[in-house]
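Because the structure is a prediction, the values reported are computed rather than measured.
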Amino acid sequence: MQLKSHARTLAIAFSLAVVAGCSSTGGSQDGDMDGGLAGGDRGGVSTGTAGGSGVSGDRAGQMTDADGRIPATRTIYFEYDSDTIRSEFEPVLTAHARFLRANPSATVILQGHTDERGTREYNLALGERRAGSVERYLNVQGVSPSQVEVVSYGEERPAARGANEQAYAQNRRVVFAY
């Protein structure tokens, strides 16, 4: 009887430690977040680099330098409540796949983000689905699964603050972190 109560106390303490370790202090890094409620806001950010400057869809696929450097465009954006890769970002993903295939020792972390709408749990799952769809795209392009790691930050690391469509659109993203 006493052993069961100790085991239960240990399990509760462990669960609390895990939850505390998963909590976020907020802040913004090079990554966005987006929320996931059903419905459809369709704001758009065309393309962006890690520094926030835009790149047209036509140039996005040409961002791999001739000397084999990491592609400059490291952020792709998603529609509201969606994990579908937009066609305008396929050249960006192809450039990253080309780089990773040419550099088998290189690894990348795909950071999935959402905007603030939706529950924390939903947004973590949506961020993971977004990063997972990018991972699948890279794998189909011949990138080794061992080169790619997926992590979701949900709404915890917004790229833009604000409760408007422009901020939300910037937060619905996957960031390539080399």
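The line from CG of L126 to CZ of R117 is 11.0 Å long, rounded to the nearest 0.5 Å. Atom CG of L100 sits about 9.5 Å away from atom OG of S144, to the nearest 0.5 Å. The line from CG of L93 to CZ of R136 is 12.0 Å long, rounded to the nearest 0.5 Å. Interatomic distance, CD1 of I70 versus CZ of F99, reported as 4.5 Å (0.5 Å rounding). Here CZ of F78 is found 7.0 Å from CG of D83. Values are rounded to the nearest 0.5 Å.
Under the 30°/60° scheme for interplanar angles, the aromatic rings of F89 and Y77 are found to be tilted.
For R86 and E79, the salt-bridge test passes: some basic side-chain N is under 4.0 Å from an acidic carboxylate O. Contact check on R129 versus E135 returns no salt bridge, with no Lys/Arg side-chain nitrogen under 4.0 Å from an Asp/Glu carboxylate oxygen.
When all heavy atoms are compared, the tightest approach of A97 to Q141 is CB-CB, 3.5 Å. Heavy-atom minimum distance, S87 versus P91: O-CD, 3.7 Å. Considering every non-hydrogen atom in both A131 and V151, the closest pair reads CB-O, 4.3 Å. G118 and N123 get closest at one heavy-atom pair: O-ND2, 3.4 Å. Across all non-hydrogen atoms, the minimal contact from F176 to L138 is CE2-CD1, 4.0 Å. Q147 and A106 make their closest contact through NE2-O, 2.9 Å (heavy atoms, listed as atom of the first residue, atom of the second, distance).
T73 places no side-chain N or O within 3.5 Å of a backbone atom of V92 that could act as its donor or acceptor partner. Judged purely by atom type and a 3.5 angstrom limit, Q111 has no side-chain atom pairing as donor or acceptor with the backbone of V174. Judged by distance alone, the side chain of T75 and the main-chain N or O of V175 form no donor-acceptor pair under 3.5 Å. Listed for the N164 side chain is a donor-acceptor partner under 3.5 Å among the backbone atoms of Q166.
Residues Y178 and T107 bring no donor and acceptor atom of their side chains to less than 3.5 Å of each other. Using modelled atom types, one finds a donor on one side chain and an acceptor on the other under 3.5 Å when comparing Y122 with D81.
No side-chain heavy atom of L110 sits less than 4.5 Å from a side-chain heavy atom of E149. At a threshold of 4.5 Å between non-hydrogen side-chain atoms, the residues R74 and H96 count as touching. Counting heavy atoms from C-beta on, the side chains of E156 and R120 come closer than 4.5 Å.
A single hydrophobic cluster is seen to contain both I76 and V143, as judged by linkage of ILVMFWY side chains at heavy-atom distances under 4.5 Å, directly or through other members.
Judged by a 6.0 Å distance limit and a 45° cone about the ring axis, R172 is not positioned over the six-membered ring of Y80.
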